[in-house]
Each structure stands twice: as structure tokens, then as C-alpha cells.
Q: 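Once you've had a glance at the structure underneath, I'll fire off some questions.
Just so you know, these numbers come straight off a predicted model, no measurement behind them.
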Amino acid sequence: MYTQIDRILGADPHFGAADAIEARNIARYRLGLTVLARRFPDAADRFERLGKADDAALRPFLYDPVLRNAFEDDLLALENHRDDPSEFASHLAEVDLDAEDGLGPCERLMTPRRRPWASRGVGWVWTEVEPGSAGLPLARRLEELKDGTFSDMREARRISPDEELLAGLSRGAELLAELLPYAGSGVFPHISLVGLARAESDDGELYSLSGGDPLPSALFIAPEHLRDPWMTAEILLHEGLHLKQFDVLRTGSLVADPGHEIQIPWRLTPWSLTRVLAALHVYAHMVLFFAAAGEAPAGLRERFGEPPVTEDVGVPTPGSRAAVEGGYTTSAERAAYLGQQALEVHGEALTPAGRRFVEWLMDAAASLAPSVRTKAAREPVASSAPHVPQPDPRGYRKIEPVAVCPLPEQGQLLAFAPDTAKFHWLNQHAWLIYALCDGRELAAIQEQYAQHAGSDPAGLATGLAGLVAAGLVEPAIG
């Protein structure tokens, strides 16, 4: 059974398939470079040159932690209509865009250079910065982002890996890829930097953490956990899933109310709904991991040792309800609670994509642990149909300057709204309507729409209203 769930979790085109998620992120990166070139004409040449690179050459730049952080900051400043200088452009000016070694800019600073899963992604290990490069702005910024990532922890320090630790990292990655060839292997393309570190927090000593927004595409592991390949594999899956969800969220929203909070029985403080979905993403996959580990073939056990004998995934924080009353120590228990809260109690705060995301995870986990899924969680959230204004008979036109990037293989069009400086992902239906908004009158739009999509006045009206609200089209006046 677990092999089927491995495929389901690793191949979903929206949330699981690494190649599809990466294709959307590359499309967003290319369109973002086009937009930034317009915003910063002094750096336009470098933005345009990078945007014209093929996917293989672009990938190490997209997943470089410093460049990606700066890229996202530039886009955020643009969206908030701030006139900040481009940090992304300044870092890009440091690097050789014509290098053909396939290395990312920060990876190129390392000595020695190590890739623990060279055939599965662009992941590299933070060893040491070359002495001659330590003073470069790129190297200093990498250190700053690392320090910011550990700012809430005590006695945080990075550890330089030796050969034994590097070998342990590679063994854990090999085990994960063989145990779960779809869902497990699918996290590696989302991991760029792997660092080793020790630190302490209120929840205890550091096991591992992922960078997220402050240090994109990066994760850290406590070195002692690299001795056991099963522990290493579990950590790589856990943190790699967080980085995969980071990439998913760059190409679509799951939560309509990001500040919405939920009480967590095994923790003292509530979590945002965004964090709840991130944890559910991991725990649902951990149900799969432990099921696969329990049925690991003899050959795998001979090479990597015996799998874990417990499915416990963490100790409740002292003083929490779970610490006092018990429970909520396994991935299945935690997934059941988080999924129930997300769908039944707080479903109105999810986007339609967010509901699909939770349903996908809960259905997969419940196939292996039936207690994860409750019948009530399948009930849809009641909502009233929004009022849709009547379309303007004058017709519609695209708002200039038009900036789009099509992904026909995924049936999506990525479009940039110039007034709001936001990216929008249009499905085939919205894409069709957007294409018809070329200044023609409503009657002509309706005629062409009917030829391609059939007679559906309400669908057309809803689609037009959505494009207007997104700032992509406007009534054609005169």
C-alpha cells in the first residue's frame, strides 16, 4: 500500500511533483526578471541575460540562498510600491553570468565543494568559505542570513563537516531516495544549501530547521543526527518538505487569512494557519515514512541498519495540554488534529487550493492510518455565492504593460498586474478570457468564448470580474 501512496504524494502536479513545481518557479523567476529589468534599467542587461538562460543554467541562480532572498525582497518592495535600491542587482553584479561550471554563486565560494546528491538536485554543503572570498558582499550576506535564521536560538554555531559527516549525509539521502522513490526523492530538487549547526531553543536542542523566507532553499542539521542513516533520511524528508512547500507557496496561495491562529495541544503558543498547513504537510508524509520503514526490504536493512522502532515524532512542550494529558506524539495523531482543525473548524480561512491541499494530504495519510481522517472533515464549508457584476458592454482590454509567461503543459498562464505589482496564475478558463480581452466589445468576446467554452454567461462574467479585480484587464473605453 505504501508504494501507491508514495506515488500519490510524489506525483500530484500541484503539490507533489517536483518538476512541475520547479517549472512554475522558473516561470515566475523569468517573469520576475523581466519586471525587474523594467524597474531597474541600469541593471536591465544582467536581468535580461539571466532570463534568457536555459533552465539548467538558471536553476543554480534561482535556488542560490542569497540571490533568492534578494530577488524576493525586490519583488516585495515592488508590490509595496517602495523605491528601494535593488539588492538583487547588486549581488548579481558580483557573479559571472557566463560561467559554465553549473555552480550557484554561493556554492562557488565554498572549499571544498561537495554535493551530497549530485544526480538529484542542486544541493550543496556549507563547508568553508574560501579565504580570499570571505570579505565579499555575497559571503557576508550569507553569514547575515544564517545569523538571522538562528536569531531566536541560544548558543547557535555552525559546524564544519568532516568526511565522516559528509558520508553520513549522503547515506541518509541515498536511503530516503530508495525507500520513497517519489515523495522522498521529490524533496531533493528543492534543497540548495545544507549546513550543520548546533543550537538550543525553548523546545530543546536543535535537531534541524529549514530557512524559509529568511534563508531560502536551505536547511541545517545537528551533526550528531548524521550517524544514523534512518534519522538523517527522516530529517531530510521533514525539512525538504518545508522547502518544497515554500516553492509551492511562491506559485499559489493556500490561506486566505494568513494571521488566523489555531491552538496546538502539544505546544504552548498558537500557530498561524500557514504554519498548521506546513506541519500537516510534514506529518502526513511521516505517516508514509514510518509505514515504508516498517516494511523496508531485507536488502535495505542490511545496508542501512534497522529502521526506527517508534513512530513518535516529538515530545510535547512542557506545560502544554498534551504534556499533561498525554497523546499527540505520533505523526498520525498530529496529522488528524491539524487536518480536522484546518477543514472543519477553520476551513473558511483556506483558499480553494488550500482545501485541495489538505484533502490531498488527509486522503493519502488515511489510506495508511485510517484514524487520520474523520467523516466530518469531508463536509464542504458553506459559503454564499459572491455577487458578480454584469460585464461592461464596451468590452475589455489588457492593462499595459503586459507581462506574461505561458506554461501550456500545465494549462496555466502566469501574468503580472502592473498597477498592483502582483503575479497571478490563470487556469485555462481564465487564460482563454484574458486572451479575448484585446479591446473587442463584449458581444465579440461572448461569441468567441462560446465557440471555445460553450454557452456559459455566468462563467464568463465571473472570469471577467476576476481579471478586473486582479488588475489584469479593464473596460475598453472609446
Side-chain angles (χ1 to χ4, degrees), residues 13-14 23-24 27-28 30-39 75-76 78-81 250-258 347-356 380-478:
H14 299 289
R24 295 197 297 274
R28 179 175 177 269
R30 292 188 189 280
L31 192 57
L33 290 168
T34 298
V35 171
L36 292 176
R38 295 174 180 173
R39 172 67 182 82
L75 292 183
L76 186 61
L78 193 65
E79 184 177 326
N80 291 328
H81 304 287
R250 301 283 77 75
T251 64
S253 174
L254 302 179
V255 176
D257 181 5
E348 77 285 351
L350 296 174
T351 65
R355 288 192 62 81
R356 292 196 301 272
V381 174
S383 61
S384 57
H387 170 71
V388 179
Q390 288 296 314
D392 194 312
R394 295 171 296 183
Y396 294 86
R397 64 189 177 197
K398 298 175 181 67
I399 295 179
E400 300 289 344
V402 173
V404 298
C405 185
L407 283 85
E409 68 281 1
Q410 298 196 34
Q412 290 185 300
L413 177 75
L414 176 60
F416 178 79
D419 291 340
T420 61
K422 291 184 178 181
F423 294 91
H424 297 274
W425 293 87
L426 308 184
N427 59 21
Q428 287 181 312
H429 180 255
W431 186 354
L432 167 63
I433 299 172
Y434 181 73
L436 295 175
C437 293
D438 56 2
R440 71 183 78 188
E441 294 182 349
L442 178 62
I445 292 176
Q446 291 171 329
E447 179 183 354
Q448 288 296 310
Y449 177 83
Q451 291 182 14
H452 291 87
S455 179
D456 183 12
L460 176 58
T462 300
L464 286 169
L467 293 173
V468 170
L472 293 173
V473 306
E474 62 185 359
I477 302 173

Q: Identify the two heavy atoms, one from R38 and one from V402, that lie closest to each other, and give their separation to 0.1 Å.
A: NH2-O, 3.2 Å

Q: In Å, rounded to the nearest 0.5 Å, how long is the span from NE2 of H424 to CG of L413?
A: 12.0 Å

Q: Are there more than 12 heavy atoms of other residues, nucleotides or ligands under 6.0 Å from atom CD of E400?
A: yes

Q: Could you give me the CA-CA distance, side-chain angles and deciding distance for L75 and F423, then say whether side chain to side chain contact (heavy atoms under 4.5 Å, CB included) is met?
A: CA-CA 10 Å; L75 292 183; F423 294 91; 3.8 Å; yes

Q: Kindly compute the distance separating CG (L472) from CG (L464), expressed to the nearest 0.5 Å.
A: 12.0 Å

Q: Minimum heavy-atom separation for E441 and P393, please, with both atom names.
A: CB-O, 4.0 Å

Q: Which heavy atom of G471 sits nearest to which heavy atom of A417, and what is that distance?
A: O-CB, 3.6 Å

Q: Return the minimal non-hydrogen interatomic distance between T351 and A256, and the atom names on each side.
A: CG2-N, 3.7 Å

Q: Could you give the distance from CD (Q428) to CD (Q412), rounded to the nearest 0.5 Å?
A: 9.0 Å

Q: Of all heavy-atom pairs between L467 and A430, which one has the smallest distance, and what is that distance?
A: CD1-O, 4.1 Å

Q: Please tabulate, one pair per line, all N/O donor-acceptor pairs under 3.5 Å involving side-chain atoms of residues 446-461, not counting sequence neighbours.
A:
from	atom 1	to	atom 2	distance (Å)
Y449	OH	H429	NE2	2.6
H452	ND1	Q448	O	2.9
D456	OD1	G459	N	3.0

Q: Considering all heavy atoms of both residues, which atom of C405 and which atom of A27 are nearest to each other, and what is their separation?
A: SG-CB, 3.7 Å

Q: Keeping R39 on the side-chain end and V35 on the backbone end, is there a donor-acceptor pair under 3.5 Å?
A: no

Q: Identify, with sequence neighbours excluded, every residue that meets ring pair (Phe, Tyr, Trp, His ring centres under 6.0 Å) alongside Y434.
A: none

Q: At what distance, to the nearest 0.5 angstrom, does NE2 of H14 lie from CZ of R356?
A: 6.0 Å

Q: Quick check for you: to the nearest 0.5 Å, what is the distance between R30 atom CZ and L414 atom CG?
A: 12.5 Å

Q: When rounded to the nearest 0.5 angstrom, what distance separates CD1 in I433 from CD1 in I445?
A: 9.0 Å

